[in-house]
Amino acid sequence: MATANKNLSIYDKESLPQASSFRFGLVVSEWNQEITENLFKGAQETLMENGVSAKNIERINVPGSFELIYGCKKLVQRVHAFDAVIAIGSVIQGETKHFDFICQSVSQGIKDLNLQYDTPVIFCVLTDNTKQQALDRSGGKYGNKGAEAAVTAIKMADLNHSL
Ligand code: DLZ
């Protein structure tokens, strides 16, 4: 399996673009808050480790992952306010088909924002079968997908400025 017992969040700091002048918007879903807070912390720490100051990181909360689309849209509509936006959520499989509808909607919605607006929106939404899988990927044995999303956000912000 691709993730078998590997911390996937290790990255080469030296190879990352300079990020100290960039501004980031982080949209955090309140569902499965234990997970999404850890994802947020991973993203925030990684941005700050790479020179982004606290005043250049703006956080807003939304009730659930479905609302991430609207929250991100409001941020990317603010022209030149952010160099990249990160959508942070955690959807965990239950007994009904709700999981599939939310996962489909959020991934399609974030994709649509990337097509419509010029600010990159990064997909940091865990879609797990169990809470343990989510814990493992939000600061557990497989690392922190929030940190990985921050690395991606820095790379995409830099790419956007270079094109
Ligand atoms: C309703 C719901 C359910 C069952 N599960 C989750 C989940 O695992 N993760 C998540 O982020 N949100 C969940 N939600 C809430 C929806 O995302 C949304 O907030 C509501 O359907 C209201 O639009």
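Using a 4.5 Å cut-off on side-chain heavy atoms (C-beta onward), Tyr11 and Asn50 make contact. Counting only heavy atoms from C-beta outward, the side chains of Ile35 and Leu126 approach each other to under 4.5 Å. Here the side chains of Phe24 and Val52 are in contact, with some heavy-atom distance below 4.5 Å. The side-chain heavy atoms of Leu39 and Arg137, taken from C-beta on, include no pair separated by under 4.5 Å. Taking 4.5 Å as the limit, some side-chain heavy atom of Leu47 sits within range of a side-chain heavy atom of Leu26. Residues Leu68 and Val125 meet the side-chain proximity criterion, which asks for heavy atoms closer than 4.5 Å. Between Phe40 and Ile86 the shortest side-chain heavy-atom distance does not fall below 4.5 Å. Side chains of Tyr70 and Lys73 form a contact here, defined as non-hydrogen atoms less than 4.5 Å apart.
Judged purely by atom type and a 3.5 angstrom limit, Arg23 uses its side chain to pair as donor or acceptor with the backbone of His80. A donor-acceptor pair under 3.5 Å links the side-chain atoms of Asp12 to the main chain of Glu14, judged by distance alone. One N or O on the side chain of Thr36 and one on the backbone of Ser29 form a donor-acceptor pair closer than 3.5 Å. In this structure, Asp136 contributes its side chain and Lys141 its backbone to no donor-acceptor pair below 3.5 Å. Gln18 contributes a side-chain N or O that, together with a main-chain N or O of Ser20, makes up a donor-acceptor pair within less than 3.5 Å. Between the side chain of Lys13 and the backbone N or O of Glu49 there is at least one donor-acceptor pair closer than 3.5 Å. Formation of a donor-acceptor pair under 3.5 Å by the Asn114 side chain with backbone atoms of Ile110 is found in this model. In terms of modelled atom types and a separation under 3.5 Å, the side chain of Gln133 and the main chain of Asn129 share a donor-acceptor contact.
Taken from OG1 in Thr152 to NZ in Lys145, the straight-line distance is 9.5 Å, to the nearest 0.5 Å. Atom CD of Glu45 is separated from atom CE of Met48 by 9.5 Å, given to the nearest 0.5 angstrom. Atom OG of Ser90 is separated from atom CD of Gln33 by 11.5 Å, given to the nearest 0.5 angstrom. Ile69 CD1 to Cys72 SG: the interatomic distance, rounded to the nearest 0.5 Å, is 8.5 Å. Note that CD1 of Ile57 and CZ of Phe82 are 11.0 Å apart. Values are rounded to the nearest 0.5 Å.
A search for side chain to side chain donor-acceptor pair (under 3.5 Å) contacts involving Glu67 returns nothing, not counting sequence neighbours. With sequence neighbours excluded, the residues forming a salt bridge (Lys or Arg N to Asp or Glu O under 4.0 Å) with Glu58 are Arg78, listed by chain and number.
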Show me the donor-acceptor pairs within less than 3.5 Å that the side chains of residues 156-163 make with the rest of the protein, sequence neighbours left out.
residue : atom : partner : partner atom : Å
Asn160  : ND2  : Asp118  : O            : 3.2
His161  : NE2  : Asp83   : OD1          : 2.6
Ser162  : OG   : Leu159  : O            : 2.8

Verdict with supporting geometry, Tyr117 and Asp112, side chain to side chain donor-acceptor pair (under 3.5 Å): CA-CA 9 Å; Tyr117 295 94; Asp112 289 345; over 6 Å; no

Run the side chain to side chain contact (heavy atoms under 4.5 Å, CB included) check on Trp31 and Ser65 step by step: do they pass? CA-CA 7 Å; Trp31 257 82; Ser65 288; 5.5 Å; no

Passes side chain to side chain contact (heavy atoms under 4.5 Å, CB included), Arg59 versus Gln44? Steps please. CA-CA 10 Å; Arg59 170 185 175 154; Gln44 184 188 42; over 6 Å; no

Begin from the C-alpha positions of Val151 and Thr46 and carry the test side chain to side chain contact (heavy atoms under 4.5 Å, CB included) through to its verdict. CA-CA 7 Å; Val151 169; Thr46 302; 3.9 Å; yes

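Between Cys103 and Thr127 the shortest heavy-atom distance is SG-CG2, 3.4 Å.
Hydrophobic clustering of Ile, Leu, Val, Met, Phe, Trp and Tyr side chains at less than 4.5 Å, counting indirect connections, keeps Phe101 apart from Val62. Hydrophobic clustering keeps Ile88 apart from Val76 (ILVMFWY residues linked when any side-chain heavy atoms are closer than 4.5 Å, directly or through intermediates).
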